[in-house]
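A short worksheet on the structure shown next.
A, B, ... follow the sequence lines: proteins, then strands. Residue 1 opens every chain. Not measured: the values here are computed from a predicted model.
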2 protein chains.
Amino acid sequence: MNLKELSDSLGLSQTTVSRALNGYPEVAEATRIRVAQAAAAANYRPNARARGLATGRSMAVGHVIPISTHHEMVNPIFSDFIAGASEVYLDRGYDMVISAVPDEREEEAYRALLSKGSVDGVIVHAPRSLDPRIALLREIGLPFVVHGRSTNEPGPYNWVDVNNRSAFLRATEFLMDLGHRRIGLINGLLAMDFAARRHQGYVEALHSRGIAADETLIHTSEMTEAQGYAAAKQMLALPAPPTAFLGASIISAFGIRRAIEDSGLVLGRDVSVITFDDDLSYLRDASDVPTFTATRSSVREAGRICADRLMSIIADPAQPPVEHLLEAALTVGRSTGPAPRGTTQQMG
Amino acid sequence: MNLKELSDSLGLSQTTVSRALNGYPEVAEATRIRVAQAAAAANYRPNARARGLATGRSMAVGHVIPISTHHEMVNPIFSDFIAGASEVYLDRGYDMVISAVPDEREEEAYRALLSKGSVDGVIVHAPRSLDPRIALLREIGLPFVVHGRSTNEPGPYNWVDVNNRSAFLRATEFLMDLGHRRIGLINGLLAMDFAARRHQGYVEALHSRGIAADETLIHTSEMTEAQGYAAAKQMLALPAPPTAFLGASIISAFGIRRAIEDSGLVLGRDVSVITFDDDLSYLRDASDVPTFTATRSSVREAGRICADRLMSIIADPAQPPVEHLLEAALTVGRSTGPAPRGTTQQMG
DNA sequence: TTGAAAGCGCTACCAA
DNA sequence: TTGGTAGCGCTTTCAA
């Protein structure tokens, strides 16, 4: 069923039917109702390509995911983000186009998305410290919102980020409040902006209590199970091993747990672990289990906000960039049910 | 840069330029080269919407993900599948459109995808025993490939599936070979086809050794950490607790591990665990750690195969349905590096 | 308040 | 081997 068939069946012109369906004010109310009913009955939906050709907009948003490093796709976090963004797209009638491409074909992917006209804008994932994608997108004039930040990027741009610095600062303080003084940090690659900020928060917290950061207790690498295991194992073998770990991701945290077990220690009794990007944490000294809900709920919220922001930019590209910093929620108590929806919840 | 501008700059007609770019044989070789160079220099790419309007094909594939139950998006497996499919799409110039929709809006999503004309075909994820989506897609004539199988579906259809029955059969046998007789099965919901097949393989293996399946050692639920924990905890409290677990997913396996620890037992010493959809397993009696690579590599492979198959169907919808059963690889030895690419590797 | 008609950028048919 | 041209299905002036 297309516009012509629909308008013919109604004895109206395509123009009028199109106007009625798109909410133009000049259509008589009676006509509009008649058209709407006929369209619903015929299960009519305008062809997206034809409409796109006519309007110059594609009603689709692109997400380019670098896959060679396995940073993103393997990361459950990404799923949450996508789920949040999808909610918004679904509401607004937008499609989500995902290009999973090898790192070296990333630029090509963005250019293709633009020149093929398949999307009206993109979300940039996992920005690095000075991310070339931002310059590229500005240059080619494709609207974009960054999930995360690119610290050394000189110009203004739209971003939505979780406050990784404060999250790790608070988590470190929390552990210190429990008496821990030697806290191992199993972090992601410092080239990733979020990892650098986490490192910063951790160090700040230590300094605020007059504790010097011990390099042997800081590890940065890809956030894999194997890396988490190796790093934790090595730290536990130190003359003065850590009594607690701060894990950057659920994946590496599983490696940390394995290292603790392998070392003959008992998780939550001999060694405490707080994991970020996770719903579970293990502490030996707390009556209950504190949980960073940042990534099971805040990341989903971040997806919603990014999508919403991008669609606003697409509608009006002239507006000034907006920066949106979300506070991660560190709650006490194991969370087993659905993650809370708010993002402003603070640690007690 | 569009076709008209490009052809004008070359002093050729749009027709000739289009033909040259699309590999039609009647174009003079000299012309083709000249056109190709100009196109590359201008960074020209045909507008996907215009081309789609003209050809009737959208050069895009849809993936509809049900999100309300958190079956898929939360599942790291899904990421691997997408990564595999993406490789194929990228090669063939196809876009991947992902609709994450609440269960109840699933049918609407498929219909919209078709009538809006945004995709040429879809991949169906996580089929149930008699999945209504198959009938729907057949009815509306949208080409599709199912990742998994729908057991009670009467008609033929294209599917690509991992042999879940044999995987669980082999894993159960493996545990029995090590001397285990009480093996807990922490499974997904039986309404999900893959879970039913896993259950079947488990029971078959027990029967082949003359062991009756013990209902108290079989648990089915959503594959969450909390469910895995609760189920394992309960089983470990039985008068005759299991000495090994078979976990259906990496997520629930983490719950199983926690239950073991909580019960004062040591994983790999007191209780063994084999996890599916995972790269890690913990056995007390094996010299090394056996690993089901099914989901970190085979699932990616399945993504590739599904995508390839779908694009073949789109090109020629008349061809008979193909059924593709992948054997899951159960390997011995911890896998820490990149997952192997093949899918036919068998357990020793 | 409604309709006719001109595109949007491309492909594909029919001529030359 | 090349070009003219008629759509593909929709939106959007411009007229009526």
task: Check the distance between D:dG9's C1' and A:Asp8's CG and give it to me in whole angstrom.
output: 13 Å
message: Under the rule for side chain to side chain contact (heavy atoms under 4.5 Å, CB included), what residues qualify as partners of A:Asp8, not counting sequence neighbours?
response: A:Lys4
field: Protein proximity profile, nucleotides 3-10 of chain C - base contact B, sugar-phosphate-only contact S, no contact -, cut-off 4.0 Å on heavy atoms
entry: BBB-BBBB
field: Residue list, side chain to side chain contact (heavy atoms under 4.5 Å, CB included) with A:Glu323, at least two apart or on another chain
entry: A:Trp159
message: Rounding to an integer number of Å, can you tell me how far B:Glu26 CD sits from C:dT11 P?
response: 13 Å
field: Rounded (10°) bend between the five-pair end axes of the helix from C:dT1-D:dA16 to C:dA16-D:dT1
entry: 40°
- prompt: What residues, two or more places apart in sequence or in another chain, satisfy salt bridge (Lys or Arg N to Asp or Glu O under 4.0 Å) together with A:Asp91?
  reply: none
statement: The side-chain hydrogen bond (donor to acceptor under 3.5 Å, both in side chains) partners of A:Asn152 (sequence neighbours excluded) come to A:Ser129
- request: Would you indicate, yes or no, if D:dT12 has its OP1 or OP2 atom less than 4.0 angstrom from a side-chain nitrogen or oxygen of A:Tyr24?
  value: yes
- request: Residues of residues 28-37 of chain B with any non-hydrogen atom less than 4.0 angstrom from an atom of DNA chain C: list those, numerically ordered, please.
  value: none
message: Using the salt bridge (Lys or Arg N to Asp or Glu O under 4.0 Å) criterion, which residues pair with A:Asp308? Sequence neighbours excluded.
response: A:Arg92
Partners passing salt bridge (Lys or Arg N to Asp or Glu O under 4.0 Å) against A:Asp95 (at least two apart in sequence or in another chain): B:Lys116
message: Which residues pass the salt bridge (Lys or Arg N to Asp or Glu O under 4.0 Å) test with B:Arg34, not counting sequence neighbours?
response: none
Selection residues 51-67 of chain A - residue pairs positive for salt bridge (charged side-chain N to carboxylate O under 4.0 Å, His left out), sequence neighbours left out: none
task: May I have the distance from B:Leu10 (atom CG) to D:dT2 (atom P), rounded to whole angstrom?
output: 12 Å
query: Separation of B:Leu21 atom CG from D:dT2 atom C1', in whole Å?
result: 16 Å
Output side-chain donor-acceptor pairs under 3.5 Å for residues 58-66 of chain B, partner residues at least two apart or in another chain, one line each.
from    : atom 1 : to       : atom 2 : distance (Å)
B:Ser58 : OG     : B:Ser118 : O      : 3.4
B:Ser58 : OG     : B:Asp120 : N      : 3.3
B:Ser58 : OG     : B:Asp120 : OD1    : 3.0
B:His63 : ND1    : B:His125 : NE2    : 2.9
B:His63 : NE2    : B:Tyr89  : OH     : 3.0

query: Roughly how far apart are A:Ser86 OG and A:Phe81 CZ, rounded to 0.5 Å?
result: 10.0 Å
- prompt: Heavy-atom distance under 4.5 Å between the side chains of A:Arg45 and A:Asn43, does that happen here?
  reply: yes
